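In what follows, a structure is listed as structure tokens, so that the remarks can point back to it.
Below, read A as the first sequence line, B as the second, and so on, with proteins coming before strands; counting in each chain starts at 1. Here the structure is a predicted model, which is why all the values come from computation and not from measurement. Note: hydrogens, waters and symmetry copies are ignored here, and every other heavy atom, side chains too, is used.
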There are 2 protein chains.
Amino acid sequence: MRRKRWRIKDIAKKAGVSTATVSRVLNGDPHVREETRLKVLKIVEEFKYVPNYMARSLRMERSSFIGIIIPRDSDSALTFPYFNIFLREFAHRAKERNYHVVFTTSEGDDMKTYEYFIGRRFVDGFVILDVVDGDERIKFLSGMDIPFLVIGRPQGLDGYTYVDSDNEGGAYEAVRFLIKLGHRRIFFINGPKTHSVSRQRLEGYKRALKNFGMEFEESLILNGDFKYDSGYTLTKEILKKFGKIEAIFYASDEMAIGGMKALEEKGLKAGKDVSVIGFDDIPLARSTTPPLTTVSQPINEIAKKAADIMMDILNGIEVHSIVFPTKLVVRNSTIAGGSA
Amino acid sequence: MRRKRWRIKDIAKKAGVSTATVSRVLNGDPHVREETRLKVLKIVEEFKYVPNYMARSLRMERSSFIGIIIPRDSDSALTFPYFNIFLREFAHRAKERNYHVVFTTSEGDDMKTYEYFIGRRFVDGFVILDVVDGDERIKFLSGMDIPFLVIGRPQGLDGYTYVDSDNEGGAYEAVRFLIKLGHRRIFFINGPKTHSVSRQRLEGYKRALKNFGMEFEESLILNGDFKYDSGYTLTKEILKKFGKIEAIFYASDEMAIGGMKALEEKGLKAGKDVSVIGFDDIPLARSTTPPLTTVSQPINEIAKKAADIMMDILNGIEVHSIVFPTKLVVRNSTIAGGSA
DNA sequence: CTGAAAGCGCTTACAG
DNA sequence: CTGAAAGCGCTTACAG
């Protein structure tokens with residue numbers, strides 16, 4: 001049977017104080033005599049009183065909820081490879097500070113969903129994932145003066161706060177590693193052109209080439225969708241068109257794994273005949289044959305920091321965007337290249 | 001700049017009616033004159049009035065939020081292989097009926113988190129995932145008379161509503177298929193013993209054996225944790241201990257894929273030297289070498305139905321537990337077995 | 001340091 | 001069919 005729900009009024013009466021005092025104690029107001037505080041706390045404890053947050057939210061005009069909305073169509077949710085982990089760590093960190101995550105999907109019309117959530121006061125602000133350059137959601141939320149935080153660093157927009165990892169630097173390191181290995185023709189199977197991470201990774205790729213005096217060749221760049229299948233298909237395409245291949249850099253581990261399968265079907269082995277590098281360092285990357293060299297992002301830290309910044313934004317604390325370093329994790333999927 | 005927020009009072013005044021009438025119109029109360037209804041709706045439209053749900057929730061004493069709590073430690077979230085998809089489809093369906101999902105993690109003390117959420121009136125009820133036999137959360141929520149829905153069918157508990165897929169039947173079909181292929185010694189790498197799905201799948205395995213007059217051998221059963229690594233490790237173990245192997249049934253695709261790698265390292269190929277069947281039909285299962293024969297569950301339907309039942313529970317509508325059929329998806333990871 | 005009272009923005013029994 | 005008014009359970013300016 002459900003216990004009786006105590007209201008602040010009940011607790012006040014039992015403690016022999018006003019509701020105002022109970023409220024002050026519960027909210028850590030320092031202007032309460034220690035003796036009073038203890039007395040109230042004792043009753044709160046005894047009756048296991050928990051305040052009703054619906055009432056609190058109404059009065060304080062904030063819900064302490066943060067919205068995370070992902071598109072329902074396709075598997076876009078998963079374009080962000082760490083979505084699971086991000087969501088979990090973000091929610092965990094937010095909870096530590098008494099904020100919580102409301103999760104939903106949008107069906108095509110993103111703006112409507114954002115408006116719906118903010119209009120009804122479901123949430124105080126949003127985290128925006130899986131961003132593209134010139135992202136409409138960012139324009140919309142900026143225009144409406146609704147608090148939000150962007151995961152990623154899209155172009156063609158300004159005045160937004162972001163948390164990002166150093167995609168450019170990660171790609172640079174990967175390609176640099178391949179060049180050092182002696183490779184001269186390095187394919188790059190990137191993500192969709194629209195995604196800002198794709199642009200950033202391409203920039204890293206180009207910078208590495210330039211740094212080592214190599215020419216950029218458009219024909220070596222292909223765009224997949226981060227998924228296994230596109231890695232497989234595009235690698236087949238390359239194999240068919242170019243015949244001999246020495247190195248491929250993939251913008252996701254999933255694509256790299258798909259690519260390794262395509263190679264295998266041609267009797268080629270990553271780490272033996274071809275150099276392969278991925279991006280993300282998903283758990284599976286440790287366990288592929290061969291274990292995959294890849295670029296890792298500190299997803300837990302990103303999620304935690306994102307939560308902290310989001311909450312600071314909601315509390316009017318000044319925030320700064322931040323970029324987390326990426327790291328090349330060297331395993332066994334590359335080989336020394338023949339000299340040019 | 002943010003638009004002015006209209007309150008029901010503003011709308012009432014503009015429409016020349018009382019707030020009660022506006023409320024009635026907005027909530028579809030039939031006892032409103034059509035003319036009045038239209039007049040109110042026009043103003044609502046014009047000013048894009050959206051009610052404040054914090055106020056509504058306080059007054060109606062329900063939040064229209066549903067809580068989904070997953071343990072933060074380990075990767076338990078992913079023990080349920082479809083968590084991403086489940087969450088997305090569940091949230092989508094709930095949204096269609098004006099319910100929303102609050103997501104959080106728990107750190108060891110589950111009950112505290114559930115109590116926290118219900119005590120503050122964050123949510124009206126919970127969906128419980130990743131259940132074990134005798135699950136403490138179910139006992140707790142039942143005891144507190146808090147509404148909840150279980151995904152899965154744990155034993156040692158009663159009086160709860162569930163949505164489940166036919167794990168027993170799925171395992172039965174898989175093992176039956178292997179037996180028909182001529183296999184007589186069928187290894188089964190199951191999930192953790194504590195999980196109710198593991199028990200169910202083991203029952204299916206046993207029933208198939210019995211049906212075909214085969215002896216059950218305890219030594220052929222191993223327990224992994226549904227993850228890639230455990231499939232790999234346990235398969236190595238079997239290989240070492242038993243030498244020749246003809247068929248392995250895995251309780252998850254991830255474990256099957258790990259297992260195939262272990263086989264490969266011994267020069268054995270699934271679909272050529274050994275029969276392998278997985279469970280779940282994850283997207284990757286289509287793309288492995290060879291494509292994996294596996295048992296699929298209708299996860300989208302499960303999520304949708306779960307949302308419907310959850311909302312019915314919250315609205316006091318009578319509900320019935322439901323079990324969804326599973327289906328054996330035959331691909332190329334099995335071979336005909338030598339006769340016994 | 002503490003309390004009485006107003007008010008956050010809704011819904012709904014009650015009365016007409 | 002409609003409105004005046006109470007009340008959901010908090011927090012906080014105001015006064016002392």
Side-chain angles (χ1 to χ4, degrees), chain A residues 3-41 43-44 47-65 98 118-124 315, chain B residues 3-41 43-44 47-65 98 116-124 315:
Chain A
R3 261 202 318 265
K4 174 160 168 30
R5 303 286 192 181
W6 302 108
R7 295 152 303 166
I8 197 169
K9 203 196 288 183
D10 303 316
I11 300 304
K13 185 179 286 178
K14 287 176 199 296
V17 298
S18 73
T19 61
T21 297
V22 175
S23 177
R24 287 191 187 104
V25 169
L26 256 22
N27 291 301
D29 186 325
H31 304 297
V32 177
R33 197 150 48 103
E34 184 62 9
E35 192 187 321
T36 313
R37 205 175 71 81
L38 260 27
K39 187 170 59 181
V40 170
L41 247 24
I43 301 291
V44 165
F47 292 89
K48 301 218 176 303
Y49 167 69
V50 178
N52 179 331
Y53 268 60
M54 296 283 112
R56 188 176 204 266
S57 297
L58 174 60
R59 177 56 227 243
M60 298 185 74
E61 302 190 309
R62 56 206 193 84
S63 67
S64 298
F65 285 134
N98 269 303
I118 206 80
R120 283 159 210 243
R121 304 290 199 290
F122 281 164
V123 300
D124 300 332
N315 290 302
Chain B
R3 263 201 318 263
K4 173 159 170 29
R5 303 287 191 179
W6 303 107
R7 294 153 304 166
I8 197 169
K9 202 196 287 183
D10 303 317
I11 301 304
K13 185 179 284 180
K14 287 176 198 297
V17 298
S18 71
T19 59
T21 298
V22 176
S23 177
R24 289 192 187 102
V25 169
L26 257 22
N27 291 299
D29 185 325
H31 304 296
V32 177
R33 198 152 47 105
E34 183 62 9
E35 191 187 322
T36 312
R37 206 176 70 81
L38 259 28
K39 188 169 60 179
V40 169
L41 247 24
I43 300 291
V44 165
F47 293 90
K48 300 217 176 303
Y49 168 69
V50 178
N52 179 331
Y53 267 60
M54 297 282 113
R56 187 175 205 267
S57 297
L58 174 60
R59 177 57 227 240
M60 298 185 74
E61 302 189 311
R62 57 207 193 84
S63 66
S64 298
F65 284 134
N98 269 303
Y116 180 101
F117 262 54
I118 206 82
R120 283 158 211 245
R121 306 288 200 291
F122 281 165
V123 300
D124 299 332
N315 290 301

Residue whose closest nucleotide on DNA chain C lies nearer the 5' end, B:T21 versus B:L58: B:L58

Residue that, paired with A:N52, satisfies side-chain contact (heavy atoms from CB on, under 4.5 Å) out of B:E61, B:R121, B:R120: B:R121

Secondary-structure string, 5' to 3', Watson-Crick or G-U under 3.5 Å, | for another-strand partners, for DNA chain D: |||.||||||||.|||

Starting at atom [atom1] of [X], determine the distance to atom [atom2] of [N], rounded to an integer number of angstrom.
| X | N | atom1 | atom2 | answer |
| --- | --- | --- | --- | --- |
| A:R120 | C:dG9 | CZ | P | 16 Å |
| A:R62 | D:dT11 | CZ | P | 11 Å |
| A:I8 | C:dT2 | CD1 | P | 15 Å |

Stretch residues 26-34 of chain A: residues that reach within less than 4.0 Å of DNA chain D through a heavy atom: A:N27

Under-4.0 Å side-chain N/O to phosphate OP1/OP2 contact, A:T36 with C:dT2: yes

Under-4.0 Å side-chain N/O to phosphate OP1/OP2 contact, B:Y49 with C:dC10: yes

Rounded distance [0.5 Å steps], CD1 in B:I11 versus OG1 in B:T21: 13.5 Å

Return the polar atom pairs (N/O with N/O) between nucleotides 13-16 of chain D and the protein under 3.5 Å, or none.
unit_1, atom_1, unit_2, atom_2, d
D:dA13, N6, A:R24, NH2, 3.1

Among B:R7, B:K14, B:K13, side-chain hydrogen bond (donor to acceptor under 3.5 Å, both in side chains) partner for B:D10: B:R7

Touch class at under 4.0 angstrom, heavy-atom based, for A:R56 against every strand present: sugar-phosphate

Non-hydrogen side-chain atoms of B:V17 and B:R24 separated by less than 4.5 Å: no

